[in-house]
Every structure is written in structure tokens, then in C-alpha cells.
Amino acid sequence: MSILHGSPGSPFVRNVCVVLDEMGLEYAVDPVMPFGPNPEFRKVSPLGKIPALTDDGRSLPDSSVLCAYLERKYPERPIYPSDPREYGRALWFEEFADSALASVTGPKIFFQKVVSPMFFNRPADEAVVEKALTEELPPLLDYLESEAGDGTGFVGGRFSFADIAVATQFVNFHHAGYAIDPKRWPKLAVLVDRTLARPSFAKCIEQERAIFTR
Ligand SMILES: N[C@@H](CCC(=O)N[C@@H](CS)C(=O)NCC(=O)O)C(=O)O
């Protein structure tokens with residue numbers, strides 16, 4: 001059985017949990033915390049980041065790498081589109097989510113509102129949160145709304161990894177007490193809700209709520 005190294009609350013660890021679950025694969029979790037001094041873990045993940053996966057006795061880091069690896073190892077259970085253009089678009093949404101979206105929903109919202117008070121006994125910097133919510137996040141949501149189609153999937157009107165990569169960032173947004181405004185971003189709200197209602201996501205979210213809901 002493969003071992004997923006990582007802890008709850010990381011959108012990148014969650015991506016891999018969801019993909020493993022969507023593929024019907026069993027795995028065990030090694031609860032590695034990020035940012036800690038753990039030289040042993042660097043043998044598995046040289047940059048010290050979570051997640052990493054040990055599979056058949058060998059390890060690989062990085063959620064994007066792991067999802068691509070799993071897709072290649074289990075081609076009968078695809079989560080990326082097979083059409084080249086659609087595949088490229090799915091990779092683009094993954095990149096958009098992992099970089100632009102994560103850099104706002106992660107450090108500027110989830111870290112401020114949840115991690116900082118809960119684990120470092122420090123209140124949120126409300127100015128950072130306010131700027132993120134009112135200035136930085138809306139243009140990103142406008143773009144996603146324009147690409148959300150009829151709410152059945154960002155790529156080709158079907159569920160794919162593009163939907164997972166975007167939706168995982170909103171789990172952290174929800175943990176921080178926020179939700180996508182369905183009046184302003186109706187298609188995006190439907191698509192994210194639909195993606196998060198899948199059993200693969202629902203299982204992760206339930207476990208995480210027990211930790212992060214105050
Ligand atoms: N590109 C990486 C990003 C992973 C990442 O940034 N993980 C964070 C936790 S959400 C982490 O481990 N940060 C610790 C650090 O940067 O030292 C991936 O997709 O796996």
C-alpha cells in the first residue's frame with residue numbers, strides 16, 4: 001500500500017487524497033507537518049514540502065508530479081482529459097489554482113484566519129485578509145466564473161483534475177469562514193459546490209472540519 005506523507009489542511013495534500021480516492025486506491029497517511037525541522041523528511045521531499053508519496057518503496061514529492069504519476073500508473077482510471085487541447089487546459093487550471101489562487105486563499109486568508117490563531121496563538125492580520133477578500137481574490141474569481149461553463153467542469157463540460165485543483169483551494173476558504181458569493185459568481189459557486197460534494201472530497205472535508213472548525 002502506498003504512503004501519503006502530509007497533514008490535513010494542505011490543499012496540495014488534499015489534491016492527492018482526492019485523486020487516490022477517485023482512483024479507488026488504498027493508502028496510509030504519514031502525518032508530516034510542514035515548516036518543521038525534519039531532516040529525514042527531506043530524503044523524501046527535498047524541498048521539505050508536503051505532500052510526498054511512497055509507492056512500491058520509492059518516493060516522489062509534489063502534488064502535480066504525484067497526480068501525473070498516478071494518471072500514468074493507472075491509465076484505466078483517468079482524471080485528466082485525453083484530448084491534447086483539453087489536457088493542456090486542465091494543466092492550465094491546475095497551474096492557475098496552485099499559484100495565483102493558492103497564494104491568496106492560503107497565506108492571506110486560511111493562514112491568517114485559521115492557522116495563525118489556532119497554532120501560533122496570534123490573531124489574524126485583518127488588513128491582509130480584507131485586502132485579499134476585496135482586491136486580490138475578486139479578479140481571480142471573475143476569471144474562473146468566465147471559464148466555469150454550465151457548472152459541469154472547467155474542461156470539456158466534464159469532471160477532471162482541473163475541477164479538483166480549483167475546488168481544493170476553496171476548502172481552505174471555507175475553513176476560514178468564507179464562501180463564494182453565488183450572486184456574483186453563480187457558475188463558479190455551482191461548480192465548486194458540485195466538486196466538493198463528491199465522496200472523495202466530502203471524506204477529506206469531514207475529517208478536516210473536526211480540526212479546523214472553531
Ligand atoms: N508545488 C507543491 C506545493 C506544496 C506546498 O507548498 N506545500 C506546503 C503546505 S500547503 C508546504 O509544505 N510548505 C512548507 C514549506 O514551504 O516549507 C505541490 O504541489 O505539492
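When a ligand or atom number is given, it counts from 1 through the structure's own listing order. In this text, all values refer to a predicted model and were calculated from it rather than measured experimentally.
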Heavy-atom proximity to atom 1 (N) of ligand 1 ranks first, among Asp62, Val16, Val32, Ile50, for Asp62
What is the nearest protein non-hydrogen atom to atom 6 (O) of ligand 1, stated with its residue, atom name and distance? Lys49 CD, 3.7 Å
Heavy-atom contacts with Phe35 under 4.0 Å: which atoms of ligand 1 show up? List them by number with element. 13 (N), 14 (C), 15 (C), 16 (O), 17 (O)
Using a 4.5 Å cut-off on heavy atoms from C-beta on, say whether the side chain of Val44 contacts that of Asp30. no
Mind listing the closest non-hydrogen atom pair of Phe93 and Ala162 along with its distance? CB-CB, 3.8 Å
Could you tell me whether the side chain of Gln112 and the main chain of Asp125 form a donor-acceptor pair under 3.5 Å? yes
Under a 4.0 angstrom heavy-atom cut-off, which atoms of ligand 1 come close to Pro51? 20 (O)
Test item: side-chain donor near acceptor, Glu71 and Tyr87, under 3.5 Å: no
Can you find an N or O of Ser63 that's nearer than 3.5 Å to an N or O of ligand 1? yes
Atom 10 (S) of ligand 1 [closest protein heavy-atom partner, distance rounded to 0.1 Å]: Ser10 OG, 3.2 Å
Between Thr152 and Arg158, is there a donor-acceptor pair closer than 3.5 Å when you use the side chain of the first and the backbone of the second? no
